[in-house]
Protein chains: 2
Amino acid sequence: MNVDGQQGRRPRADVQRNRAALLETAQRHFLQYGVGTSLEAVAKEAGVGPATLYRHFPTREALLAAVLQTRSEEFVARRADIEQLGDAAEALERWLRAMEEYLSAYSGLPDPLMAAARAQDPDNPLTIPCDVLIAATDAYVRAAQRAGRVRASVRGHDLFLAACSVAWIKGTGTEETSVDRLRALIASGYRERDTQA
Amino acid sequence: MNVDGQQGRRPRADVQRNRAALLETAQRHFLQYGVGTSLEAVAKEAGVGPATLYRHFPTREALLAAVLQTRSEEFVARRADIEQLGDAAEALERWLRAMEEYLSAYSGLPDPLMAAARAQDPDNPLTIPCDVLIAATDAYVRAAQRAGRVRASVRGHDLFLAACSVAWIKGTGTEETSVDRLRALIASGYRERDTQA
DNA sequence: GCCGTATACGGAGGCTGCATCCGTTTTTTG
DNA sequence: CAAAAAACGGATGCAGCCTCCGTATACGGC
């Protein structure tokens with residue numbers, strides 16, 4: 001039993017192949033059917049037995065976390081873009097949108113994420129990505145607050161919850177215009193009152 | 001096949017007994033395990049076979065709708081209380097809280113409700129309760145707007161979505177203080193700026 | 001009060017998905 | 001190239017969904 005623990009021996013070739021195939025297939029299935037998709041189907045389409053899937057990713061959350069991990073590279077790139085902006089309020093706005101899109105990539109994603117965020121369960125592989133998101137949001141919020149563009153009582157965690165909510169709504173299949181309206185409502189809740197775009 | 005269609009014959013006694021037992025048991029199970037609870041378990045505990053449950057309530061949504069129906073009497077009573085208030089903004093506030101509690105009564109309830117609200121699917125038994133809630137919210141919103149306490153751009157549907165979001169968050173097990181903060185954030189989004197409590 | 005029939009019941013069973021065990025195959029190492 | 005380590009995957013047990021159909025039950029007329 002090695003799979004991806006780092007011991008003396010070099011990881012076997014088939015392990016890497018299978019892992020890659022599983023991740024690629026899972027990504028596609030999550031995209032098409034949501035995070036509740038059949039893991040058996042994923043395994044079959046990846047050309048491996050169910051046991052192999054479970055050996056690589058003991059739980060659905062572990063598989064999800066691994067898929068998100070590969071996805072997050074592109075996400076980090078976005079973050080670099082955002083940080084070049086001088087306007088802190090605009091940066092926060094864009095960050096929230098980016099996070100929202102990240103969270104609504106797969107239908108049903110917000111639920112396991114919230115479950116992980118709730119308690120600091122170190123066994124849950126989604127806890128870390130979650131904490132990262134909250135910390136980043138908080139940084140953007142503080143910057144915008146220093147610029148006097150966001151109300152002082154707001155915290156990063158609040159807007160993380162808000163983004164999760166919006167992402168959840170999107171995942172239920174609600175029309176885009178309704179989602180836009182909700183987002184606007186929230187925005188006018190955290191923006192400083194005398195703000196002028 | 002009669003179950004509850006109104007024909008010439010009087011409904012059989014066991015039908016009514018079973019229906020009542022199923023509703024009572026389902027209510028308890030939804031409360032304890034959420035809307036995803038095992039229907040087989042509900043049937044067994046109600047003392048009937050699975051087929052009887054499905055005969056009375058062809059889908060999970062139908063059972064849920066029926067349970068909510070019985071629950072809604074108590075909800076209507078609340079509404080009468082609220083309407084005695086002279087303050088339209090306070091009335092809206094209380095209505096939103098009441099709706100939020102209604103929506104978070106069973107964990108996972110917001111999801112099927114949103115699915116029903118999305119498209120006017122007349123086959124979905126949850127569509128009607130959903131539309132009722134939206135219409136009622138809209139009435140409260142208009143009243144508060146006439147009193148100049150809520151921003152003109154806000155619609156009842158927006159606050160319905162917001163209430164669903166908050167209820168969803170509650171259902172994920174998030175701490176109550178975080179939920180309170182999110183609710184406050186949303187409130188400062190729809191309230192008129194120069195409002196004084 | 002009894003019987004015939006409409007009506008409803010419920011166990012059995014097919015199906016899908018989850019998760020694990022263990023005999024077999026593949027890969028690496030020397 | 002052989003032995004050992006490592007991973008594979010089919011088979012399996014379990015739970016829940018939903019339906020079919022033979023059986024039981026309540027109703028209403030007599």
Side-chain angles (χ1 to χ4, degrees), chain A residues 1-23 25-26 29-30 32-66 106-108 111-112 115 123-125, chain B residues 1-23 25-26 29-30 32-64 66 107-108 111-112 115 123-125:
Chain A
M1 189 247 280
N2 189 9
V3 172
D4 55 349
Q6 64 286 23
Q7 261 133 280
R9 222 179 265 263
R10 174 158 53 92
R12 277 171 58 155
D14 50 354
V15 168
Q16 296 180 281
R17 248 188 303 110
N18 285 332
R19 184 187 161 87
L22 282 167
L23 284 176
T25 309
H29 277 240
F30 284 150
Q32 186 160 11
Y33 308 109
V35 299
T37 190
S38 159
L39 297 186
E40 276 196 337
V42 170
K44 186 184 288 183
E45 197 178 309
V48 305
T52 296
L53 190 154
Y54 285 105
R55 203 174 302 112
H56 282 264
F57 310 102
T59 65
R60 184 181 296 272
E61 282 71 35
L63 176 57
L64 192 52
Y106 315 124
S107 137
D111 295 77
D123 290 349
N124 191 324
Chain B
M1 189 245 280
N2 189 11
V3 172
D4 53 349
Q6 64 285 24
Q7 261 133 282
R9 221 179 267 264
R10 173 160 54 94
R12 277 171 58 157
D14 50 353
V15 168
Q16 297 181 280
R17 247 188 305 108
N18 285 333
R19 183 186 162 87
L22 282 168
L23 283 176
T25 309
H29 277 238
F30 284 150
Q32 186 159 11
Y33 307 109
V35 299
T37 189
S38 160
L39 297 186
E40 276 197 338
V42 170
K44 186 184 288 184
E45 198 178 309
V48 305
T52 296
L53 189 155
Y54 286 104
R55 203 174 303 112
H56 281 264
F57 309 103
T59 66
R60 185 181 294 272
E61 282 71 36
L63 176 58
L64 192 52
S107 137
D111 294 77
D123 290 349
N124 191 323

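Each chain gets a letter, A, B and so on, in the order its sequence line appears, and its residues count up from 1. The model shown is predicted, which means the values in this text are computed figures rather than measured ones.
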Below 4.0 Å: OP1/OP2 of C:dT29 and any side-chain N or O of A:R10: yes
For atom CZ of A:R17 and atom C1' of D:dC8, their distance in whole Å: 11 Å
Criterion side-chain contact (heavy atoms from CB on, under 4.5 Å) on A:E40 and A:L53, from CA distance to verdict: CA-CA 9 Å; A:E40 276 196 337; A:L53 190 154; over 6 Å; no
Phosphate OP1/OP2 of D:dC8 contacted by A:H56 side-chain N/O (<4.0 Å): yes
Side-chain donor or acceptor of B:R60 paired with backbone N/O of B:L39 under 3.5 Å: no
Closest to side chain of A:V15, choosing from D:dA7, D:dA26, C:dC9: D:dA7
Between D:dC17 (P) and B:F57 (CZ): distance, integer Å: 15 Å
hbond_proxy A:R12 side chain to D:dA7 base (donor-acceptor, 3.5 Å cutoff): no
Below 4.0 Å: OP1/OP2 of C:dG10 and any side-chain N or O of B:T52: yes
Length of the NZ-P vector between B:K44 and C:dG10, whole Å: 14 Å
Residues B:Y33, B:V42; criterion side-chain contact (heavy atoms from CB on, under 4.5 Å); working and verdict: CA-CA 11 Å; B:Y33 307 109; B:V42 170; over 6 Å; no
Side chain to side chain donor-acceptor pair (under 3.5 Å) partners for B:D111, two or more places apart: A:W168
Verdict with reasoning, A:D14 to A:R17, per side-chain contact (heavy atoms from CB on, under 4.5 Å): CA-CA 5 Å; A:D14 50 354; A:R17 248 188 303 110; 3.5 Å; yes
Distance, rounded to the nearest Å, where B:N18 contributes CG and D:dA26 contributes C1': 12 Å
Distances for protein N or O near nucleotides 19-22 of chain C N or O, under 3.5 Å:
| unit_1 | atom_1 | unit_2 | atom_2 | d |
| --- | --- | --- | --- | --- |
| C:dA19 | OP2 | A:Y54 | OH | 3.2 |

5' precedence on DNA chain D between B:D14 and B:S38 (nearest-nucleotide basis): B:S38
Whole-Å distance separating the CG atom of A:L22 from the P atom of D:dC8: 9 Å
Spacing of B:L53 atom CG relative to C:dG11 atom C1', expressed in whole Å: 15 Å
Nearest heavy atoms of B:A66 and B:L23, plus distance in Å: CB-CD2, 3.6 Å
